[in-house]
Amino acid sequence: MSSSKVNIIRFVLNDEPVEVLVPPTEILLNTLRERVNVKSIRYGCGEGSCGACTVLVDGKPRLSCLTLTISVDGRDVTTVEGLSKDGELHPIQKAFIEHNAAQCGYCTPGFILLLKALLDRNPNPSRDEVIDSLSSNLCRCTGYKNILEAAMSVVRRR
Amino acid sequence: MSASCEVYAPSDLKTALHLKSRYRDDLHVVAGGTLSVRLMSANAIETKNLMLLERLPLSFIRVSGRNVQIGAMTRLIDLIDNRLPKALVLAARSVRGLSIKSMATVGGNVFSPSPGCDVATALMALDAHLTLQSMNRKRSVPLEKFYRGPLKYSIRSNELVAMITVRNPPQYSTFTKLTPLPNSGPTIASVAIALDVNKREIVRRASVAVGGITTHPYRAKYVERFMLNKKLSNITLDQVEQGLVPKGLTIIKDANASSEYRERMVPVLFMRALNSLVKEVSRR
Amino acid sequence: MMELSTIGKPVPNFYAQSHATGQTQYVDDVSFPGMLWAKAFRSPVPRGRIKRIDYQKALNVPGVVSVLTSKDVPNNLTVDLFMIGVGPPDEPVLAEEYVNYIGEPICLVVAKDQYAAQKGAERIEADIEELEPLLDPEEALRPGAPIIKSWGHNAFIYGSGTDGATPPGGQGRPYFQVKRGDVERAFQSADHVIKGEYVMHPQEHAPIETHVCVAKPEPDGRLTIYSSSQAPYFVRSNVANVLKMQESKIRVISLNVGGGFGGKVDPDIEQLTALAALKTNRPVKWRWTREEEFTVSTVRAGTKVYLEDAVSRDGLILGRKGRLIHDAGAYSKTSPYGVIKATVNLSGPYRIPSAYYQGYCVYTNKQPSSAMRGYGAYESTFAVELHMERIAKSIGIDSWEFRFKNAYRRGDVSVTGKVMEDAYLIEVMKEAARLANLRLPEHLLLMSSER
Ligand SMILES: Cc1cc2nc3c(=O)[nH]c(=O)nc-3n(C[C@H](O)[C@H](O)[C@H](O)COP(=O)(O)OP(=O)(O)OC[C@H]3O[C@@H](n4cnc5c(N)ncnc54)[C@H](O)[C@@H]3O)c2cc1C
Ligand code: FES
Ligand code: FES
């Protein structure tokens with residue numbers, strides 16, 4: 001039988017193997033923040049509405065507040081810490097800095113990861129597709145204009 | 001959560017169905033998690049045992065001729081596929097944002113109450129059938145018959161939704177919804193229309209589904225019958241307005257819209273959908 | 001002209017790098033070994049009398065360490081901004097006999113993790129006798145309305161009932177009044193009298209970071225508070241007052257705020273988190289859920305404004321009467337201060353030679369309102385600008401022209417007697433029109449704020 005009682009969960013977090021012991025109903029947001037000490041994913045609503053908790057699971061965007069930790073067993077989890085390689089920032093991160101796309105910064109990692117997921121799927125999205133995709137996430141400070149400019153600058157550079 | 005909570009993540013349907021018939025209602029089924037995990041976190045459901053469906057081979061889209069089979073675990077983002085009826089593509093596209101589209105499944109959307117049932121609304125207009133499967137039985141239920149009242153479904157405790165089928169859908173279909181966000185966003189009301197017309201643009205087959213205003217989508221039967229044998233471009237709002245939201249329905253309200261507003265928007269959306277079909281038909 | 005080095009140039013946010021790499025630290029990132037989590041049990045009704053609270057079942061939940069009630073609070077009165085003259089202190093930290101809005105905290109459950117705290121709060125049973133709630137601020141001012149304040153009426157009047165020195169106010173009395181010139185005469189000599197009513201609904205700040213606080217008792221008896229507050233000094237004096245501690249024993253650390261917009265000015269969670277830390281002698285975290293952020297955090301006050309203007313044939317405002325009703329919700333917070341700002345601003349940026357303004361600060365059984373981006377001024381501006389449009393329309397004059405005519409010029413005197421030394425409204429309006437590609441008539445373009 002392929003099923004088993006799952007208690008110990010192993011996954012790869014930003015290229016590093018991780019092993020955690022979790023209750024079955026624990027959400028990935030809490031596991032990453034409280035047990036693995038990754039603080040760049042953030043609680044904003046706990047119900048899928050804000051995107052502050054976005055991570056990538058096998059490259060796909062996942063709201064970690066709606067994701068059971070047991071479901072990432074054996075998978076690849078990426079947070080914003082995993083985007084910069086050898087101190088070199090990812091182009092999306094650079095664009096966010098250049099375009100002043102973060103004000104309080106609470107929402108920023110979520111937006112960066114979501115944008116990465118979009119561009120990995122479709123390297124050349126239209127402005128409307130970018131707006132449409134990013135509507136998963138909320139920002140209360142910037143008014144979105146600079147976020148969109150940062151996003152479109154990465155699209156153009158490709 | 002009881003201490004004895006068992007967790008299963010079967011990778012074949014047979015095992016999943018075996019577990020379902022063993023535990024019946026004592027097994028909480030998690031598809032994409034966008035509704036089920038939320039309810040668990042809110043302590044809204046006492047979790048017994050858990051079964052994750054995501055490893056099942058139920059993520060597929062099979063198109064043969066005009067027939068479509070969609071695996072229950074297909075994510076909404078994968079419905080943005082030109083081989084599928086347009087109403088379905090538009091409904092999937094209208095779901096809020098890339099993350100929800102990438103997580104939510106078609107099977108889950110069928111269970112999801114308003115305002116989260118856009119894909120189900122489109123499927124209903126396309127006369128979709130659900131394949132409900134248990135250990136030793138497989139049956140097909142029209143989506144329309146699947147809803148037996150708010151959050152009441154015609155599914156047995158040993159069954160899973162395995163697949164959704166659309167057989168020989170009408171040639172034209174569309175989906176419109178009203179949302180407070182500029183593109184995709186939470187639904188205030190939605191309308192899906194599917195129809196066939198003959199050479200003289202006379203309606204030969206029509207179905208109209210209304211979503212987002214009652215707990216589950218419904219078919220506007222009166223309007224469907226009225227449209228039959230009418231010339232498409234001659235249909236006007238005052239002819240159908242009465243029949244779009246039949247008397248006696250319980251209309252929902254939430255932070256985005258009151259029930260009165262939702263109700264008033266349905267005819268507007270119907271005309272938008274109809275006009276886009278009129279244009280499309282005249283262009284062929 | 002000299003090349004300016006900073007003005008007109010974008011300045012990068014010096015946190016940009018740390019934001020984009022996710023390294024910025026917020027209060028929710030603070031955690032200590034053995035840290036407990038708090039969760040409030042809140043009033044399910046808008047107004048009621050608490051007859052009995054049973055929290056035994058909460059204590060039986062595995063992981064629950066303690067349940068705090070009003071009896072545990074050394075000084076159960078939030079003083080909020082009283083020390084800077086904004087009062088009165090009318091809000092209990094935890095409800096005693098009465099609850100006055102849905103979501104008012106009654107008990108605080110402290111547990112080993114957030115799950116146990118949540119479960120504990122769900123197990124608390126309260127027997128609350130529901131009383132008729134007061135939801136409309138205008139209703140609250142009418143004679144015979146249910147009275148929800150201890151001082152005998154539903155409006156705030158400075159001093160009355162709180163300092164014992166000033167005579168008690170009454171149900172219909174405004175809190176703040178502004179008078180200038182002979183407004184009655186202006187209305188007698190007016191060619192037009194134009195009235196309007198303007199309603200602004202409450203607004204929620206909805207920062208993406210909800211309210212969050214960590215309090216940690218230090219071995220030397222001090223207390224460290226990590227808070228998402230926008231106002232760490234308010235936090236310190238309030239906690240000191242509520243816990244009857246010396247301010248010097250309290251250290252408040254304000255990390256990056258994940259959005260505040262005024263909603264994190266009032267010390268709403270720090271007192272209880274600090275108390276829980278002292279009671280349990282463990283670090284304690286309290287983080288509001290999104291639902292709490294929406295339903296119990298402060299909002300911008302719902303406001304109703306009545307305006308009536310006396311206007312001459314040639315479009316000059318001769319006088320204005322204004323009545324502003326500010327819905328404070330259940331408790332004062334910074335509302336009385338907001339009412340002063342709102343009332344004073346009923347002239348807008350216009351020359352109003354005679355005026356009579358009345359500002360009411362009214363209590364209702366709703367979540368308290370308080371600061372939010374330019375509060376007071378914003379609510380009256382909304383009403384005033386709509387009113388300006390209405391006047392222009394009803395006397396048949398272009399609204400740009402009407403605003404230009406009545407704009408403050410250098411040397412004009414405001415309703416509070418301030419001489420305008422640097423009036424620029426006309427210049428600003430010209431520039432705004434230019435940016436909007438709107439061509440103003442020549443005679444307006446020739447105008448300036450110079451006399
Ligand atoms: C922020 C947010 C925004 C949203 N916006 C939209 C929107 O714009 N439009 C829209 O249509 N929807 C929207 N939704 C709703 C979302 O589409 C649904 O929650 C989703 O489709 C449910 O699918 P799921 O795979 O996540 O199901 P789950 O949450 O995992 O499951 C839902 C229910 O269905 C049952 N179930 C699921 N699959 C099966 C199966 N194969 N057999 C038997 N039982 C099953 C589960 O047991 C559970 O009871 C939104 C949701 C969120 C959180
Ligand atoms: S915390 Fe997950 S979407 Fe808001
Ligand atoms: S920068 Fe503050 S929420 Fe986006």
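To find a chain, count down the sequence lines: A is the first, B the second, and so on, and within it residues start at 1.
Near-neighbour residues of residues 77-100 of chain A relative to chain B, defined by a heavy atom under 4.5 Å from a heavy atom of that chain, are none.
Taking C65(A), G48(A), G51(A), S71(A) one by one and counting their heavy-atom pairs under 4.5 Å with chain B, the maximum is reached by S71(A). Of the residues considered (R121(A), E26(A), E47(A), R62(A)), R62(A) shows the highest number of contacts with chain B, using heavy-atom pairs under 4.5 Å.
Of the two parts of I27(A), only the side chain, counted from C-beta on, holds a non-hydrogen atom closer than 4.5 Å to a non-hydrogen atom of chain B. Residue I131(A) touches chain B through its side chain alone, counting heavy-atom pairs closer than 4.5 Å. Residue V95(B) does not touch chain A at all, counting heavy-atom pairs closer than 4.5 Å. Heavy atoms of N30(A) lying under 4.5 Å from chain B are absent altogether. Heavy atoms of L181(B) lying under 4.5 Å from chain A belong exclusively to its side chain. Interface residue S102(B): backbone and side-chain heavy atoms are both found under 4.5 Å from chain A.
When each of R96(B), K101(B), R93(B) is checked for a salt bridge (charged side-chain N to carboxylate O under 4.0 Å, His left out) with D132(A), only K101(B) meets the rule.
In this structure, CZ in R55(B) is found 6.0 Å from CG in D73(A), a value given to the nearest 0.5 Å. L29(A) CG to S41(B) OG: the interatomic distance, rounded to the nearest 0.5 Å, is 9.0 Å.
Residues L68(A) and L50(B) form a side-chain contact, since some pair of their non-hydrogen atoms from C-beta on lies under 4.5 Å apart. The shortest side-chain heavy-atom distance between V57(A) and M103(B) does not fall under the 4.5 Å cut-off.
E280(B) pairs by the salt bridge (Lys or Arg N to Asp or Glu O under 4.0 Å) definition with K86(B), not counting sequence neighbours. Listed by chain and number, the residues in a side chain to side chain contact (heavy atoms under 4.5 Å, CB included) with S134(B) are N136(B), R137(B), N158(B), E159(B) (sequence neighbours excluded).
At distances below 3.5 Å, not a single donor-acceptor pair connects side-chain atoms of S133(A) with backbone N or O atoms of L98(B). In this structure a side-chain-to-backbone donor-acceptor pair under 3.5 Å is missing from R38(B) to G46(A).
For the side-chain hydrogen bond (donor to acceptor under 3.5 Å, both in side chains) condition, the pairs that include at least one residue of residues 140-151 of chain A, sequence neighbours left out, are K145(A)-E149(A).
Nearest heavy-atom pair across S136(A) and S99(B) is OG-N, 2.8 Å.
The local environment of CZ in R127(A) is sparse, with at most 12 non-hydrogen atoms from other residues, nucleotides or ligands closer than 6.0 Å.
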